[in-house]
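These notes concern the structure reproduced below.
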There are 2 protein chains.
Amino acid sequence: MTDSNKQEDQIFDLIYRLNLQLSPKFERCTGISPSRLSILHQLFEVDEVSQTSLQKEVNIDSAAITRHLKQLEASGMVQRRNDPTDNRFTLVRLTDQGRSEIAAYKKEKQQFVAQLLQDFNEQERSDFHDMLRRMLDNLQHY
Amino acid sequence: MTDSNKQEDQIFDLIYRLNLQLSPKFERCTGISPSRLSILHQLFEVDEVSQTSLQKEVNIDSAAITRHLKQLEASGMVQRRNDPTDNRFTLVRLTDQGRSEIAAYKKEKQQFVAQLLQDFNEQERSDFHDMLRRMLDNLQHY
DNA sequence: TTATATTAATTGATGGGTCAACTATTGAGC
DNA sequence: GCTCAATAGTTGACCCATCAATTAATATAA
């Protein structure tokens, strides 16, 4: 195993450890899972969308979307109705309650993320963003 | 929301998308999950270790370790026995079969990781490693 | 020594993700 | 108009992680 391979391996291990720790800590901190908050965030930006377009934005399976929405609906954050122009679609929107509750979550998330990047300067943030973007692109080939 | 906050948010979203896609794609590519390969990798380095020290290296729950080892044992990759000097411990080691099979997995992983970092030059790899390290450290505060 | 704390491992409950199979609706081509 | 393909959503089976509770063994301290 070459030195270069070792370094690649180390980078992968760091990413994977981040991978393991990020979601649980995010949720303990903010009170909501990253994917679920992402769903709410998307809904906050638009008025009403289908589950499919939600699924594309949030990057999880449509089955996972269905289950999240089922719980969000049960907790009164979200409403769903059939699209009258095409009955295959289900249209989703935030309730007023949902729209007001989301603010607190977004604030918690902001603090959490700020902590993660606390010692990164402007240049580093920009570089980091760029490298993550490229890595994600490389991952798309699979 | 300030521009700075937006950038932090974007970085988080990239990491989280990486987070979501990494494990499934790794497993499709290599034929084994990252954590399970990590367990095998640790066992490859040493002769025989307790589950607890394995757990610390791999950074997953001891319950998860138990379940992985149960399956690895069933598939003949791994052997377990009680520590004769302290019966609380279970000592784990690779079988000969396990030791020979692991080589193929490591090779697959190496290719996968090389692809992820294909367009990163030396400096970028070093910087990236450094920033991931710092981010992981920041995460430890939670 | 005997009661109490600590430690290792296991198990069950839960949550979040994937994939594959299925239903229902709509679109397209003959 | 009818058949066949494509699309949206749901459900079930599975995998992998966490946490909490339990069991068993050992260490500690009165």
Side-chain angles (χ1 to χ4, degrees), chain A residues 16-40 48-75 78-92 139 142, chain B residues 16-40 48-75 78-92 139 142:
Chain A
Y16 188 62
R17 285 168 61 186
L18 216 51
N19 192 340
L20 284 175
Q21 298 183 25
L22 200 61
S23 293
K25 292 193 174 178
F26 181 96
E27 184 158 0
R28 269 200 298 278
C29 245
T30 63
I32 194 170
S33 80
S35 288
R36 191 164 296 183
L37 183 52
S38 177
I39 290 174
L40 293 177
E48 196 174 35
V49 304
S50 71
Q51 297 190 190
T52 300
S53 38
L54 211 46
Q55 179 254 310
K56 278 167 194 148
E57 293 290 337
V58 179
N59 282 298
I60 56 177
D61 199 71
S62 63
I65 291 284
T66 293
R67 285 164 187 138
H68 277 296
L69 289 176
K70 199 182 287 181
Q71 290 194 251
L72 286 170
E73 194 175 32
S75 70
V78 142
Q79 279 179 340
R80 292 193 292 172
R81 67 184 182 106
N82 288 336
D83 185 338
T85 75
D86 185 339
N87 269 292
R88 286 173 301 182
F89 289 85
T90 301
L91 298 176
V92 192
L139 196 54
Y142 292 107
Chain B
Y16 188 61
R17 285 168 62 185
L18 217 51
N19 192 339
L20 284 175
Q21 297 183 26
L22 201 61
S23 293
K25 293 192 174 179
F26 181 96
E27 184 158 359
R28 268 200 299 279
C29 245
T30 63
I32 194 171
S33 80
S35 288
R36 190 163 297 184
L37 182 52
S38 177
I39 290 174
L40 293 178
E48 196 175 35
V49 297
S50 72
Q51 296 189 189
T52 300
S53 38
L54 212 45
Q55 179 254 311
K56 278 167 193 148
E57 292 290 336
V58 179
N59 283 296
I60 56 177
D61 199 71
S62 63
I65 291 283
T66 293
R67 286 166 185 136
H68 277 297
L69 289 176
K70 198 182 287 180
Q71 289 194 253
L72 286 169
E73 195 174 30
S75 70
V78 142
Q79 279 179 340
R80 292 194 292 172
R81 67 185 182 107
N82 289 336
D83 185 338
T85 74
D86 185 340
N87 270 292
R88 287 172 300 181
F89 289 86
T90 301
L91 299 176
V92 192
L139 195 54
Y142 291 107

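Given the structure is predicted, the values throughout are model-derived calculations rather than measurements. In the text below, chain A, chain B and the rest are named by the order of the sequence lines, each starting its count at 1.
- Take the nearest nucleotide of DNA chain D for L69(A) and for P84(B): the residue whose nucleotide is more 5' is L69(A).
- With rounding to the nearest 0.5 angstrom, the CZ atom of R67(B) is 13.5 Å from the OG atom of S35(B).
- Distances shorter than 4.0 Å separate some side-chain N or O of H68(A) from OP1 or OP2 on dG17(C).
- Looking at heavy-atom distances under 4.0 Å, S23(A) makes no contact with the nucleic acid at all.
- Residue T90(B) is in sugar-phosphate contact alone, with no base atom involved, counting any heavy-atom pair closer than 4.0 Å across all strands shown.
- A salt bridge links R81(A) to E48(A): one of the charged nitrogens lies within less than 4.0 Å of a carboxylate oxygen.
- Place P24(B) and I65(B) on DNA chain C by their nearest nucleotides, and I65(B) ends up nearer the 5' end.
- Put simply, the residue from L69(B), V92(B), V78(B) that forms a side-chain contact (heavy atoms from CB on, under 4.5 Å) with I39(B) is L69(B).
- Close to dA8(C), at under 4.0 Å from its OP1 or OP2, lies no side-chain N or O of Q55(B).
- In this structure, the CG atom of D83(B) is 17 Å from the P atom of dT7(C), given to the nearest Å.
- Counting to the nearest Å, the P atom of dT7(C) and the CG atom of L91(B) are 19 Å from each other.
- Counting any heavy atom pair closer than 4.0 Å across all strands shown, T52(A) reaches sugar-phosphate atoms only and no base atom.
- Closest non-hydrogen pair, F26(A) versus L37(A), comes out as CZ-CD2, 3.8 Å.
- Of the residues R80(B), H68(B), K56(B), the one that meets the side-chain hydrogen bond (donor to acceptor under 3.5 Å, both in side chains) test with Q51(B) is R80(B).
- As judged by a 4.0 angstrom heavy-atom cut-off over every strand, F26(A) is placed among residues making no nucleic acid contact.
- Within 4.0 Å (heavy atoms only), N87(A) reaches sugar-phosphate atoms of the nucleic acid but no base atom.
- Here T66(A) lies in heavy-atom contact (under 4.0 Å) with a base.
- Here D86(B) pairs with R88(B) under the salt bridge (charged side-chain N to carboxylate O under 4.0 Å, His left out) rule; sequence neighbours left out.
- In this structure, CG of L22(B) is placed 14 Å from C1' of dG17(C), rounded to the nearest angstrom.
- Side chain of R67(B), nearest nucleotide from dG16(C), dT10(C), dG12(C): dG12(C).
- The shortest heavy-atom contact between D61(B) and Q55(B) is C-CG, 3.9 Å.
- Rounded to an integer number of Å, the gap from CZ of R88(B) to P of dA5(C) is 16 Å.
- Rounded to the nearest 0.5 Å, atoms OH (Y16(A)) and CG (N19(B)) are 9.5 Å apart.
- Summary of the strand contacts: P34(A) and D86(A) both lie near DNA chain C, and taking for each the nucleotide with the nearest heavy atom, the more 5' one is attributed to P34(A).
- The distance between atom CD of Q21(A) and atom P of dG16(C), rounded to the nearest whole Å, is 19 Å.
- Contact annotation for S33(B): backbone-only contact, meaning every heavy-atom pair under 4.0 Å involves sugar-phosphate atoms and none involves a base.
- The residue among R36(B) and A63(A) whose nearest nucleotide of DNA chain D lies closer to the 5′ end is A63(A).
- Taking atom CG of D61(B) as the reference point, atom C1' of dG12(C) lies 13 Å away to the nearest angstrom.
- Along DNA chain D, the stretch of nucleotides lying under 4.0 Å from any heavy atom of chain B spans, 5' to 3', dC16(D) to dT26(D).
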